[in-house]
Every structure is written in C-alpha cells, then in structure tokens.
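Encoded as structure tokens, the structure appears first; notes follow it.
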Amino acid sequence: MDLSGKHALITGGGTGIGLAIAKALAEAGAEVTITGRRKDVLDEVAGGRIHAVAMDVADEASVVDGFAAAVNTRGPIAICVPNAGIAEGKALHKMDMEFWRKIIGINLDGAYLTMREAMKSMNGLNYGRVIAIASIAGIKGLKGAPAYTASKHGMIGLIRGLSEDYMASPITFNAICPGYVDTAIVSQNTVSIAARAGITEKQALKMMVKTNRHQRLITPEEVANTVMYLCSDMSGSINGQTMEIAGGQM
Ligand code: NAP
C-alpha cells in the first residue's frame, strides 16, 4: 500500500497499539504525527517519517495547538486515529465525580476534540479516514468498569454520528473494538484487578485472556493491520462500522 504524501495523526502514538499503527503507516510511506503527554516517550520512538508532538487530549487548548503545529509542518490530516485512552475500573458506588471526569475527559472528550480538530483540515480532501480505537467495551458492558464502558460506547456514538454527517464525502469514520491487547494497559490492569478481586496477578491475567474468544492476547500489530485495511482504497464503502478484534464473536 502506498500512503506517501498523506499525513496521519495518532493520539497516544508513542506506545502500545498507537505505536504499532504509527510504524505501519510510516512503513507505507505516510508522514505520521504521534502525540501523547510524555514528550520523552514520543521522542524515543520518533525518527524518519514519525514525528512527535506533545499534546494532552483532555485539554482543549493543547489539542488545538498540537493540531496546528502538526498541520502547519506536514499539511492537512488525511488519516486520524483517536487512540489515546486510559482503562481503569471502579464500581459505581466507589466512583466519585473526579474519577468519572478523568475517564470521560480523556477517552471521550479527547476523542471528540481530536476528531473536531482533524476535520478542520481533512474536510475538503479527496480522501480521509477517521479510525477510532474503541474497545469491546464500546459494544458490550465490561464488568467492574462502567465509566470506561460509557466512554467507549460514546466514542462509537461519535463515529456513527459523524459517518452520517459526512455521508457521500470521501471521508469514512469507523471504530475498531479490540479485546485484550498485549500492552501496558493489560499489565497495569493485571495488577489492579488482582488487588481489587483478591486474586493473584496470574489469575487476573488468565481472566482477561479468557475473555478473548481465541484464548490469547491480541498483538498491537493485529490492530494495526486492521487500521491499514481501513486506510486502503479497498475499504472506501466501509463507513460507520465497528470492527471487533477479539478472536471471535463477543
Ligand atoms: P497504552 O500503551 O497505555 O496507550 C495509551 C496511550 O494513550 C499512551 O501512549 C498515553 O500516552 C496516551 N494517553 C493517555 N492519556 C492521554 C492524554 N490525556 N492525552 C494524550 N495522550 C494520552 O495502551 P494501549 O493498549 O495501546 O491503549 C491504546 C487504546 O486502546 C486506548 O484507548 C485503550 O482504551 C484501547 N484499548 C486497549 C485494549 C488493551 O487491551 N490494551 C483493549 C481495547 C482497547 P501518555 O501517557 O504519554 O499521555
């Protein structure tokens, strides 16, 4: 696939799933802006066609400035991957407003700001892809994580709404819904689930792995491969969809 001449922006592109996507897009010739809060983490993986811009998706001014810097340097955004997110679980009765706002602020407000700023330069291009990294928690409830579940359902709502609003334009909007992927989120959750449920970390990891229908963790590259398909000309009529990557039906 040849994506040369196209500018892609991936939030949370310095680690995990976002980094695998950044590498695949750069390999195909795109100029790739990766964003995240930790500039040192971004700088470590930037180089060649991968460019680092520090940006906090929960901070409107930071997103506006980050997009302006990327667009001014590398041109309009043709591929936007709202991927930045945090996954923390807490039962409703233990949740306070601060926790709720943190999850919604990063995962949902962040996706909204990212898509809004991307559309400012993408609208009018003869090609455009918005590919949100949601979760299986965007299509079914995730036990013990109602705020995360709500944030990911919201992301999918946004994708579906925008696919209607920009219908018949050359821009498509889709969401990818992975099960458990082998990244820092799973290792962090292994520790926190074990502590909350009073089980060992090995048991906590086994619980997560069992949720994936094929009984293994998904690799970040498997998610990146789906992004590449959605970026290709072969997927031009796929719009407003959710694509589950969970080893089977959820
Ligand atoms: P990860 O390596 O922890 O990636 C999360 C990324 O988001 C980090 O690069 C982080 O960078 C960035 N981020 C977090 N808060 C941010 C903020 N306020 N502003 C800007 N960037 C922020 O874990 P991952 O698994 O690759 O997660 C990527 C996405 O996949 C998330 O949306 C997650 O919900 C989704 N997902 C993951 C799994 C899984 O099992 N791993 C399953 C389904 C969906 P900084 O900390 O430097 O900001």
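Read the numbers this way: they start at 1 and go in the same order the structure lists the ligands and their atoms. Below, each value reflects all heavy atoms present in this structure, side chains not excepted, and no hydrogens, waters or symmetry copies.
- With sequence neighbours excluded, no residue satisfies salt bridge (charged side-chain N to carboxylate O under 4.0 Å, His left out) with E201.
- Regarding atom 12 (C) of ligand 1, its nearest protein heavy-atom neighbour is G12 CA, 3.7 Å.
- If you number the atoms of ligand 1 from 1 as listed, the ones under 4.0 Å from a heavy atom of V186 come out as 40 (O).
- At a 3.5 angstrom cut-off on N or O pairs, R38 counts as close to ligand 1.
- Close to ligand 1: P178, with a non-hydrogen atom less than 4.0 angstrom away.
- Side-chain contact between I106 and V57 is present, with heavy atoms from C-beta onward closer than 4.5 Å.
- Between G85, S187, G66, A137, it is G85 that holds the heavy atom closest to atom 7 (O) of ligand 1.
- Looking at atom 13 (N) of ligand 1, its nearest protein heavy atom turns out to be A84 CB, 3.9 Å.
- In the displayed structure, E44 atom CD is contacted under 6.0 Å by at most 12 heavy atoms of other residues, nucleotides or ligands.
- With hydrogens and angles ignored, the 3.5 Å screen pairs a side-chain donor or acceptor of S235 with a backbone N or O of Y229.
- A donor-acceptor pair is defined here as one N or O able to donate and one able to accept, closer than 3.5 Å; such a pair exists between the side chain of N174 and the backbone of G240.
- The closest approach between any non-hydrogen atom of T11 and ligand 1 is not below 4.0 Å.
- Of all protein heavy atoms, the one lying nearest to atom 26 (O) of ligand 1 is I17 N, 2.8 Å.
- For ligand 1 and G16, the ligand atoms under 4.0 Å from any heavy atom of the residue are 2 (O), 26 (O).
- Residues satisfying the salt bridge (charged side-chain N to carboxylate O under 4.0 Å, His left out) test with E88, not counting sequence neighbours, are K102.
- Scanning the protein heavy atoms around atom 18 (N) of ligand 1, the nearest turns out to be D56 OD1, 2.9 Å.
- Contact between Q188 and ligand 1 is absent, with no heavy atom of the residue lying under 4.0 Å from the ligand.
- At least one N or O atom of Y148, backbone or side chain, sits closer than 3.5 Å to an N or O atom of ligand 1.
- Here the OG1-CG distance, from T15 to L42, works out to 8.5 Å after rounding to the nearest 0.5 Å.
- Under the 4.5 Å side-chain heavy-atom criterion for ILVMFWY residues, no single connected hydrophobic cluster contains both I133 and I104.
- Annotation: V181 places an N or O atom under 3.5 Å from an N or O atom of ligand 1; distance criterion only.
- Placement of V227 and M243 within a single hydrophobic cluster is found when ILVMFWY residues are connected by side-chain heavy-atom separations under 4.5 Å, directly or transitively.
- Ion pairing of E98 with R101 is absent here, as no side-chain N (NZ or NE/NH1/NH2) approaches a carboxylate O to less than 4.0 Å.
- Taking any N or O of V57, backbone or side chain, at least one lies under 3.5 Å from an N or O belonging to ligand 1.
- Contact annotation for T183 and ligand 1: only side-chain heavy atoms (C-beta onward) come within less than 4.0 Å of the ligand.
- One finds the CD1 atom of I199 at 10.0 Å from the CG atom of L205 (value rounded to the nearest 0.5 Å).
- Scanning the protein for heavy atoms near atom 2 (O) of ligand 1, the closest one is T15 OG1, 2.8 Å.
- Contact between G179 and ligand 1 is present, with at least one heavy atom of the residue lying under 4.0 Å from the ligand.
- If you check which protein heavy atom lies closest to atom 27 (O) of ligand 1, you get I185 CD1, 3.4 Å.
- Using a non-hydrogen distance threshold of 4.0 Å, M55 registers as a contact of ligand 1.
- Not a single heavy atom of V41 sits under 4.0 Å from any atom of ligand 1.
- Taking atom 32 (O) of ligand 1 as the reference point, the nearest protein heavy-atom neighbour is N83 O, 2.7 Å.
- Ligand 1 is approached by A134 to a heavy-atom distance shorter than 4.0 Å.
- Remark: the backbone N or O of I185 is paired with a side-chain donor or acceptor of N189 at under 3.5 angstrom.
- Counting heavy atoms from C-beta outward, L158 and P82 have side chains that stay 4.5 Å or more apart.
- Other residues, nucleotides and ligands place more than 12 heavy atoms under 6.0 Å from the NZ atom of K120.
- Nearest protein neighbour of atom 46 (O) of ligand 1, counting heavy atoms only, is R37 NH2, 3.0 Å.
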